[in-house]
Number of protein chains: 2
Amino acid sequence: MPRVSSKVPGVQGCAVERTLSLIDGKWKIVVLYKLLRGTLRFNELRRLIPNVTQRMLTHQLRELEADGLIVRTVYAQVPPRVEYSLSARGRSLEPVLMAMKEWGDTNLSSQEAQAA
Amino acid sequence: MPRVSSKVPGVQGCAVERTLSLIDGKWKIVVLYKLLRGTLRFNELRRLIPNVTQRMLTHQLRELEADGLIVRTVYAQVPPRVEYSLSARGRSLEPVLMAMKEWGDTNLSSQEAQAA
DNA sequence: CATCACGGTATCCTTTTTGACACTATGGAC
DNA sequence: GTCCATAGTGTCAAAAAGGATACCGTGATG
């Protein structure tokens with residue numbers, strides 16, 4: 001998706017928009033969602049999210065980390081071990097995620113053709 | 001923003017993603033937000049949302065309409081009069097919008113540099 | 001006659017995002 | 001010696017989104 005994020009700091013709009021810009025990105029929401037249940041390793045996320053490419057997953061994780069929503073922990077091992085988990089800030093997004101989930105569940109149910 | 005929306009119906013992911021895809025788009029959230037307070041005409045929206053171009057506003061409104069979130073009413077007058085208002089479905093998004101607003105208010109406050 | 005307001009369209013161009021694919025290091029298993 | 005797994009990175013190209021600008025019809029106004 002095109003992005004809401006105006007990467008220019010300070011100039012953006014209201015709180016809602018800025019919040020949206022953090023969870024906007026093709027896979028961020030799913031990632032946050034999966035992490036709500038607990039820490040996951042890179043390849044665990046890949047397996048949980050079919051269709052995401054390595055490159056995209058890396059990018060999204062980096063952005064989430066830069067926004068302080070997730071924590072990345074690297075263990076100096078071979079083969080490498082990297083774990084991702086929600087930060088306190090990320091976890092505080094739970095109400096937003098849940099509001100979206102509930103809306104989707106009730107409004108996009110069976111046939112999502114209520115549009116038009 | 002890049003879009004979450006995979007315009008291919010049926011194949012998408014979970015409820016959260018599909019919900020996000022509806023409010024994703026550089027101006028949709030603001031539009032929905034403004035409309036929470038009541039019906040507005042095209043140029044009223046333009047004036048309320050600085051920086052949006054006519055083309056983008058039209059696009060976003062059309063998508064919101066196609067998704068059944070807003071209602072477009074045309075009055076056969078000259079000069080033209082077109083009013084936009086939230087549909088029941090659109091209004092039901094209020095909790096999502098509010099959850100995002102609250103999160104933004106408390107987490108992106110003064111300095112939004114908690115990241116890193 | 002020229003201009004304005006309204007609510008758009010149409011066209012072109014740039015930027016942003018996403019995807020495909022190849023490549024890397026290292027230690028252990030075989 | 002070869003292959004595997006992990007967690008990436010780099011490059012290139014395609015697709016999507018967004019922005020700039022110009023144009024349209026009509027009735028009222030001056």
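Every chain is numbered from 1 and lettered A, B, ... according to where its sequence line falls, protein lines coming before strand lines.
- Partner of A:K28 under the side chain to side chain donor-acceptor pair (under 3.5 Å) criterion, out of A:E63, A:H59, A:Q60: A:E63 alone.
- For A:N43 and D:dT6, the CG to C1' distance is 6 Å, given to the nearest whole Å.
- As a whole-Å value, the separation of A:W27 CH2 from C:dT18 P is 9 Å.
- Between B:H59 atom NE2 and C:dT11 atom P there is a gap of 12 Å when expressed in whole angstrom units.
- Computed from coordinates, the B:L57 CG to C:dC6 P distance equals 14 Å when rounded to whole Å.
- Rounding to whole angstrom units, CZ of residue B:R47 and C1' of C:dA5 are separated by 10 Å.
- Computed from coordinates, the B:E44 CD to C:dC6 C1' distance equals 12 Å when rounded to whole Å.
- Spacing between atom CZ of A:R46 and atom P of D:dT9 amounts to 13 Å, rounded to whole angstrom units.
- Distances shorter than 4.0 Å separate none of the side-chain N or O atoms of A:K26 from OP1 or OP2 on D:dA16.
- Side-chain N/O atoms of B:Q54 include none lying less than 4.0 angstrom from OP1 or OP2 on D:dA20.
- Panel note: side chain B:R89, backbone A:N107; a donor-acceptor pair is recorded below 3.5 Å.
- Comparing A:R62 and B:T53 by the nucleotide of DNA chain D that holds the closest heavy atom to each, the one mapping nearer the 5' end is A:R62.
- When each of B:P80 and B:N51 is assigned the nucleotide of DNA chain D with its nearest heavy atom, B:N51 is the one assigned upstream, toward the 5' end.
- No donor-acceptor contact under 3.5 Å links the side chain of B:Q77 to the base of D:dG27.
- In the hydrophobic clustering of this structure, A:L32 does not group with A:V71; members are Ile, Leu, Val, Met, Phe, Trp, Tyr whose side-chain heavy atoms approach within less than 4.5 Å, directly or through other members.
- Of the residues near DNA chain C, A:R55 and B:R72, the one whose nearest nucleotide (by heavy atom distance) lies more toward the 5' end is B:R72.
- The closest side-chain heavy-atom distance from B:L57 to B:V31 is below 4.5 Å.
- Among D:dT26, D:dT9, D:dT6, the nucleotide with an atom closest to any side-chain atom of A:T58 is D:dT9.
- Under the 3.5 Å distance criterion, the side-chain polar atoms of B:E17 are matched with a main-chain donor or acceptor of B:C14.
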